[in-house]
Undergrad: 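Please find one structure pasted underneath; my questions will follow.
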Amino acid sequence: YTVATSWNPADSTFAADTAYTMTAVLTPISAYEFTSDTSVTVNGTAAKSVTLGSDGTLTATFEFGKTGKHSISSAALTVEAPVLGGTPANASTDDTSYTVATSWNPADSTFAADTAYTMTAVLTPASGYEFMSGASVTVNGAAAKSVTIGSDGTLTAAFEFGKTGKHSISSAALTVE
């Protein structure tokens with residue numbers, strides 16, 4: 001016999017987090033025939049349905065569970081480091097497999113003098129993606145202080161930046177009497 005298969009959905013490559021159905025049409029070669037009792041399996045699993053056509057072909061349908069999600073093992077973020085008088089910025093990435101939201105502690109509208117800041121980045125995976133346990137995160141090439149993956153699939157990473165500079169004293173005028 002010969003076999004022709006089709007897939008639903010008919011993606012050119014299997015997409016992440018997607019269930020698929022395969023239909024196989026088996027055509028007997030000359031001098032052979034299928035019967036209504038013919039069973040069909042794929043990798044040892046029986047077909048969900050088998051239909052014997054009036055033309056002698058056998059059509060078998062197989063359902064496959066969802067494919068896995070694409071795993072994210074690392075994330076690289078960039079952000080402008082805190083500087084005295086600067087404005088806290090959102091972290092960014094060129095990676096489209098997740099989005100990032102940023103918060104700063106302390107939550108100053110401009111960076112204060114002689115102050116260490118912690119940036120917290122919450123990364124949300126795009127559809128069809130998930131963060132692997134033990135995923136690493138860097139900001140400007142430096143590793144995160146802490147990384148946790150929430151039950152909702154988001155990854156939270158904290159980064160500590162050194163103290164901002166101090167205000168400069170540009171001149172001092174003294175009066176001596």
Undergrad: Flag the pair Met132 / Ile72 as yes when at least one side-chain heavy-atom distance between them is below 4.5 Å, and no otherwise.
TA: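 When only atoms from C-beta onward are counted, Ile72 and Met132 do not touch, as no gap falls below 4.5 Å.
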Undergrad: Please report the shortest heavy-atom distance between Ala60 and Ala47, naming the atom on each side.
TA: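 For Ala60 and Ala47, the tightest heavy-atom pair comes out as CB-CB, 3.9 Å.
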Undergrad: Rounded to the nearest 0.5 Å, how far apart are OG1 of Thr27 and CG of Asp55?
TA: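 Atom-to-atom, Thr27:OG1 and Asp55:CG are 7.0 Å apart.
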Undergrad: CG/Asn8 to OG1/Thr61 distance, rounded to the nearest 0.5 angstrom?
TA: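 Interatomic distance, Asn8 CG to Thr61 OG1, rounded to 0.5 Å: 10.5 Å.
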Undergrad: Which pair of non-hydrogen atoms, one from Ala135 and one from Leu155, has the smallest distance, and what is that distance?
TA: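 Closest pair (atom of Ala135, atom of Leu155, distance): CB-CD1, 3.9 Å.
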Undergrad: Got Met119 and Phe161 here, is their nearest side-chain heavy-atom distance under 4.5 Å?
TA: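 In short, these two side chains touch, coming nearer than 4.5 Å.
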Undergrad: Apply side chain to side chain contact (heavy atoms under 4.5 Å, CB included) to Asn140 and Val79, showing your working.
TA: CA-CA 7 Å; Asn140 303 340; Val79 70; 4.1 Å; yes
Undergrad: Can a donor-acceptor pair be found, under 3.5 Å and without considering hydrogens, that links the side chain of Thr38 to the backbone of Ser36?
TA: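 Flag not set: sc Thr38 to bb Ser36 has no pair under 3.5 Å.
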Undergrad: Dump the intermediate steps for side-chain hydrogen bond (donor to acceptor under 3.5 Å, both in side chains) on Asp95 and Ser97, then the final yes or no.
TA: CA-CA 6 Å; Asp95 194 327; Ser97 63; 2.6 Å; yes
Undergrad: Can you name the closest pair of heavy atoms from Pro28 and Gly56 and give their distance?
TA: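 Smallest interatomic distance, heavy atoms only, reads CD-O, 3.5 Å.
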Undergrad: To the nearest 0.5 Å, what is the distance between NZ (Lys48) and CZ (Phe64)?
TA: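 Answer for the NZ-CZ pair, Lys48 versus Phe64, is 12.5 Å.
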Undergrad: So which heavy atom on Leu84 is nearest to which on Lys166, and how close?
TA: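 Answer, listing the atom of Leu84 first, then Lys166: CD2-O, 3.6 Å.
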Undergrad: As a quick check of understanding, evaluate side chain to side chain contact (heavy atoms under 4.5 Å, CB included) for Tyr98 and Thr93, giving each step before the final call.
TA: CA-CA 9 Å; Tyr98 57 88; Thr93 182; 3.0 Å; yes
Undergrad: So, the side chain of Trp7 versus the backbone of Ser12: is there a donor-acceptor pair under 3.5 Å, distance only?
TA: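 Answer holds: no.
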Undergrad: Between Thr67 and Thr18 (side chain of the first, backbone of the second, donor and acceptor by atom type, cut-off under 3.5 Å), is there such a pair?
TA: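 Answer holds: yes.
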Undergrad: Could you point out which residue of Val40, Thr23, Thr21 forms a side chain to side chain contact (heavy atoms under 4.5 Å, CB included) with Phe62?
TA: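 So the option named by the test is Val40.
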Undergrad: Measure the OG1-CZ distance between Thr156 and Phe131 for me, rounded to the nearest 0.5 Å.
TA: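 Going from the OG1 atom of Thr156 to the CZ atom of Phe131 covers 9.5 Å.
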Undergrad: Spell out, yes or no, whether Leu52 and Leu26 are grouped together once hydrophobic residues are joined by side-chain heavy atoms under 4.5 Å, including indirect joins.
TA: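 Result: yes, single cluster for both.
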Undergrad: Can you get from Val147 to Tyr129 by hopping between Ile, Leu, Val, Met, Phe, Trp and Tyr side chains that sit under 4.5 Å apart?
TA: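 Yes, it is one cluster - the side chains of Val147 and Tyr129 are joined through contacts under 4.5 Å.
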Undergrad: Tell me the closest heavy-atom pair linking Ala144 and Ala157, and the distance in Å.
TA: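 Residues Ala144 and Ala157, closest heavy atoms: CB-CB, 4.0 Å.
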Undergrad: Do side-chain atoms of Thr102 reach the backbone of Ala91 as a donor and acceptor pair under 3.5 angstrom?
TA: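 Answer holds: yes.
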Undergrad: Tell me whether Tyr117 contacts the main-chain N or O of Ala112 through its side chain, where contact means a donor paired with an acceptor under 3.5 Å.
TA: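 Checked: pair present.
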Undergrad: Measure the shortest side-chain to side-chain distance between Val139 and Leu77 over non-hydrogen atoms and say whether it is less than 4.5 angstrom.
TA: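 The answer is yes; the side chains approach within 4.5 Å.
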Undergrad: With a 3.5 Å cut-off and no angle check, do the side chains of Thr78 and Ser92 form a donor-acceptor pair?
TA: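 Yes - a donor-acceptor pair under 3.5 Å links their side chains.
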Undergrad: For Asp37, does its backbone N or O pair with a side-chain atom of Thr35 as donor and acceptor, under 3.5 Å?
TA: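 Yes, Thr35 side chain to Asp37 backbone: donor-acceptor pair under 3.5 Å.
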Undergrad: Could you grab the distance from atom OG1 of Thr154 to atom CG of Asp152, nearest 0.5 Å is fine?
TA: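 The OG1 atom of Thr154 sits 3.5 Å away from the CG atom of Asp152.
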Undergrad: Does Phe14 have more than 12 heavy atoms from other residues, nucleotides or ligands lying within 6.0 Å of its CZ?
TA: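 Yes - once you tally the heavy atoms of other residues, nucleotides and ligands closer than 6.0 Å, there are more than 12.
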